[in-house]
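For reference, the structure is listed below as structure tokens.
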Amino acid sequence: MPKESGKVRMYVCGPTVYDSCHIGHARSVVVFDVIARYFRSQGFEVTYVRNFTDIDDKIIQRAAMLGVDPKDLAEKYIREFHQDMDALKVDRATVEPKATDHIPQIIRVIRLLMEKGYAYAADGDIFFSVTAFSGYGKLSGRKLEDMEAGARVDVDARKHDPFDFVLWKSAKPGEPFWESPWGTGRPGWHIECTAMSSEYLGQTFDIHGGGKDLVFPHHENEIAQSEAAFGQPFVNYWVHNGFVNINQEKMSKSLGNFLLIRDLLKEYHPEALRLFLLSSHYRSPIDFTPQHMEEAGAGLDKLYTLLERTQTVLGTDDFEIKTESGDHWARFCEAMDNDFNTALGIGVLFEAARQINRLMDEATAAVGNDFQQQLMRQLRDIRKIGAVLGILTESPKDYFEGRQARLQEKKQVDVATVDALVAERTEARKSKDWARADAIRRKLEAMNVLLEDRPEGTAWKIR
RNA sequence: GGCGGCAUAGCCAAGUGGUAAGGCAGCGGUCUGCAAAACCGCUAUACUCCGGUUCAAAUCCGGAUGCCGCCUCCA
């Protein structure tokens with residue numbers, strides 16, 4: 001993916017805040033988080049804008065149902081969004097604008113569209129006229145005449161064309177509203193993105209992202225209104241992430257199978273979730289199953305096991321790296337340069353891990369300076385890759401303690417009992433009573449506890 | 001009806017003209033009192049099928065089959 005003059009300006013469609021975030025939101029947010037991190041790692045100055053749609057029919061509806069103020073509802077879910085994404089170790093966007101904070105900018109764009117003849121009024125509503133914009137349909141490859149308008153939803157009779165969309169909605173009694181030249185009302189869904197992206201990124205910018213489902217009509221409409229209003233190209237690159245299926249089924253409310261981030265994080269490590277979400281190319285659909293999550297978790301365990309081992313071998317984790325980046329980092333970058341191929345990049349990460357393990361396996365007792373330098377250099381690559389993917393951010397000690405704590409509950413392991421048995425076995429081993437030692441090992445295995453006899457003593461972990 | 005995507009080993013998944021990355025699972029080995037971890041080796045001679053282009057195709061073209069998405073709010 002080509003790049004511009006040291007700076008990257010990207011805009012990603014954020015959530016409509018009327019409900020908790022599910023794993024689908026997580027995928028989108030994590031994918032673009034990694035993209036932003038990668039650009040930064042390459043020395044680009046990244047301006048990353050991710051909006052909150054905090055006024056819309058769904059919010060109003062939900063608020064009415066709950067008998068709360070729409071603004072309070074939106075704020076509650078913005079807080080939740082931040083909690084969830086922080087837990088997922090997602091960096092904050094540079095700017096996180098809310099639609100309701102940009103009403104003047106929205107009105108300005110609509111006025112511009114009216115002046116240029118791309119929009120018309122009908123009662124208190126303002127519509128965008130898709131037939132007035134010649135490029136309509138270019139992103140999604142649709143032609144107006146090919147689409148079966150109103151196939152599933154009745155067409156508003158006031159529209160000149162069925163695909164015209166609302167820029168400004170007049171207020172109905174009891175709804176939140178703002179003053180405008182066309183009377184009190186609120187912005188339609190698409191216009192906020194044009195208003196806010198131009199505000200923070202300019203009228204043309206580099207990357208616009210969002211879920212695949214937004215291609216049509218949302219992004220199509222954004223292009224139309226932006227290019228109509230400003231008379232210049234809207235964005236250079238579109239990036240649309242694929243969906244998350246649950247056990248091969250589309251995640252949907254009607255199936256009742258959607259998974260909230262907060263629930264998932266009770267069971268899985270946030271980095272395991274990230275690793276899973278990044279294990280396929282961002283455009284492909286990805287299938288969430290407990291088994292796939294276990295595998296992602298196993299992979300993460302492997303990487304942390306490696307880090308723990310290097311820490312032991314080097315005697316410290318706090319070393320200054322004076323060497324250049326190695327081949328692994330270069331290969332990782334190559335993968336990322338190819339349309340952000342994180343799946344390939346993760347492959348590089350595991351190859352790096354194997355190489356480091358081999359290096360340590362082959363090292364003899366006489367560990368020289370060369371060895372240390374080489375090890376640190378490769379380790380540095382792993383850390384840099386981890387930093388882009390947003391994984392391996394914890395110390396191995398914290399990671400394994402956390403893992404242990406999480407699993408203790410899940411597998412109902414009683415620490416005191418295990419420790420007692422381990423101590424008993426240590427005694428047995430001292431007196432070379434192997435039969436008894438093995439019996440205890442088997443007993444613990446039946447309790448989902450695996451033993452590891454290390455030089456410094458016996459460690460155990462939960463299967 | 002229109003538009004688009006996908007089909008690679010038991011499972012997941014890279015691969016965008018030169019003969020199949022990586023992970024999980026499995027098997028054999030090294031190490032170990034036994035294990036675990038780690039490493040080494042093995043695990044796709046039909047890359048959904050049928051045609052075509054090419055010296056050469058998982059990769060390009062045409063067709064078939066299957067699965068999925070979008071066209072309505074949706075990450």
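We name chains A, B, ... by the order of the sequence lines, and we start the count at 1 in each one. Just so we're clear, the structure is a prediction, and the values are computed from it rather than from any experiment.
- Only the C1' atoms considered, B:G17 is 40 Å distant from B:C74, to the nearest whole Å.
- Closest to the side chain of A:Lys250, from the set B:C39, B:C70, B:G33, is B:C70.
- Within 4.0 Å of A:Phe350, counting heavy atoms only, lie sugar-phosphate atoms of the nucleic acid but no base atom.
- The side chain of A:Gln291 has B:C11 as its nearest neighbour among B:A75, B:C11, B:C34.
- Here the side chain of A:His292 is nearest to one of B:C11, B:C70, B:C24, namely B:C11.
- Using a 4.0 Å heavy-atom criterion, one finds that A:Leu344 contacts the bases of the nucleic acid, with or without backbone contacts as well.
- Closest contact between the side chain of A:Thr305 and the listed nucleotides B:C11, B:C34, B:A37 involves B:A37.
- Comparing B:A58 with B:A9, their P atoms are spaced 14 Å from each other, to the whole Å.
- Counted within 6.0 Å of CG on A:Asp327, heavy atoms from surrounding residues, nucleotides or ligands total 12 or fewer; the atom is thus considered open.
- Nucleic acid contact for A:His22: base, since at least one base atom lies under 4.0 Å from a heavy atom of the residue.
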For this session: Start with the C-alpha gap between A:Phe258 and A:Phe288, add the side-chain angles, then the distance that decides, and say whether ring-ring contact (aromatic ring centres under 6.0 Å, His included) holds.
Result: CA-CA 10 Å; A:Phe258 65 102; A:Phe288 180 97; over 10 Å; no

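- The base of B:C34 sits with one of its N or O atoms less than 3.5 Å from a complementary donor or acceptor on the side chain of A:Arg441.
- Interface remark: the A:Arg27 side chain does not form any donor-acceptor pair with the B:A75 base, using a distance-only criterion of under 3.5 Å.
- At a cut-off of 3.5 angstrom, counting only N and O atoms as typed in the model, there is no donor on one side facing an acceptor on the other between the side-chain of A:Asn341 and the base of B:G15.
- When distances run from any side-chain atom of A:Ser280 to the nucleotides B:C34, B:A14, B:A37, the shortest one goes to B:A14.
- Note: A:Tyr11 and A:Tyr48 fail the aromatic proximity criterion, with ring centroids not under 6.0 Å apart.
- A donor and an acceptor atom never sit less than 3.5 Å apart when one is taken from the side chain of A:Arg354 and the other from the base of B:G41.
- Taking the ring centroids of A:His82 and A:Phe52, they lie under the 6.0 Å cut-off.
- Rounded to an integer number of Å, the gap from A:Ile382 CD1 to B:G22 P is 15 Å.
- Atom P of B:U32 sits at a distance of 32 Å from the matching atom of B:A44, rounded to the whole Å.
- Closest to the side chain of A:Leu214, from the set B:C70, B:G33, B:A75, is B:A75.
- Nucleotides B:C70 and B:A21, compared at atom C1', are 32 Å apart to the nearest Å.
- The ring of A:His102 has its center closer than 6.0 angstrom to the ring center of A:Tyr200.
- Checking B:A46 for Watson-Crick or G-U wobble geometry (two distances, each under 3.5 Å) identifies no partner in any strand.
- Residues A:Asp33 and A:Arg50 are not paired through a salt bridge, judged by the lack of any N-O separation under 4.0 Å between the basic side chain and the carboxylate.
- Nucleotide B:G10 forms a Watson-Crick or G-U wobble pair with B:C24, both donor-acceptor distances falling under 3.5 Å.
- Counting non-hydrogen atoms under 4.0 angstrom, A:Arg463 reaches nothing in the nucleic acid.
- Taking every side-chain heavy atom of A:His281 into account, B:A14 is the closest of B:A14, B:A36, B:G69.
- Considering only side-chain atoms of A:Asn357, the nucleotide from B:A14, B:C70, B:A38 that sits closest is B:A38.
- When both pairing distances are held under 3.5 Å, B:U30 makes a Watson-Crick or G-U pair with B:A38.
- With B:C71, B:C34, B:G15 as the choices, the nucleotide that has an atom nearest any side-chain atom of A:Phe216 turns out to be B:C71.
- Each of B:C34, B:A37, B:C74 was ranked by its minimum atom distance to the side chain of A:Asp213; first place goes to B:C74.
- The P atoms of B:C50 and B:U16 are separated by 24 Å, rounded to the nearest whole Å.
- In this pair, A:His208 and A:His219 present their aromatic rings perpendicular. The plane angle is above 60°, beyond the 30 to 60° band.
- Contact annotation for A:Gly299: no contact, since no heavy-atom pair falls under 4.0 Å across all strands.
- No engagement by A:Val31 is indicated, since no non-hydrogen atom pair under 4.0 Å with the nucleic acid exists.
- Taking atom NZ on A:Lys212 and atom C1' on B:C73, their separation rounds to 19 Å, with Å as the unit.
- Pairing for B:C60 goes to B:G52, judged as Watson-Crick or G-U wobble with the two contacts each under 3.5 Å.
- The gap from the P atom of B:C42 to that of B:U54 amounts to 37 Å, rounded to the nearest Å.
- Taking a pair to require two hydrogen-bonding distances under 3.5 Å in either a Watson-Crick or a G-U wobble arrangement, B:G69 pairs with B:C3.
- More than 12 heavy atoms of other residues, nucleotides or ligands sit less than 6.0 Å from atom CD of A:Gln404.
- At a cut-off of 3.5 angstrom, the base of B:G5 holds no donor-acceptor pair with the side chain of A:Arg283.
- Base pairing of B:U19: no nucleotide in any strand meets the Watson-Crick or G-U wobble criterion (both distances under 3.5 Å).
- Using a 4.0 Å heavy-atom criterion, one finds that A:Arg429 contacts the bases of the nucleic acid, with or without backbone contacts as well.
- Judged by distance alone with a 3.5 Å cut-off, no donor-acceptor contact links the side chain of A:Asp361 to the base of B:C40.
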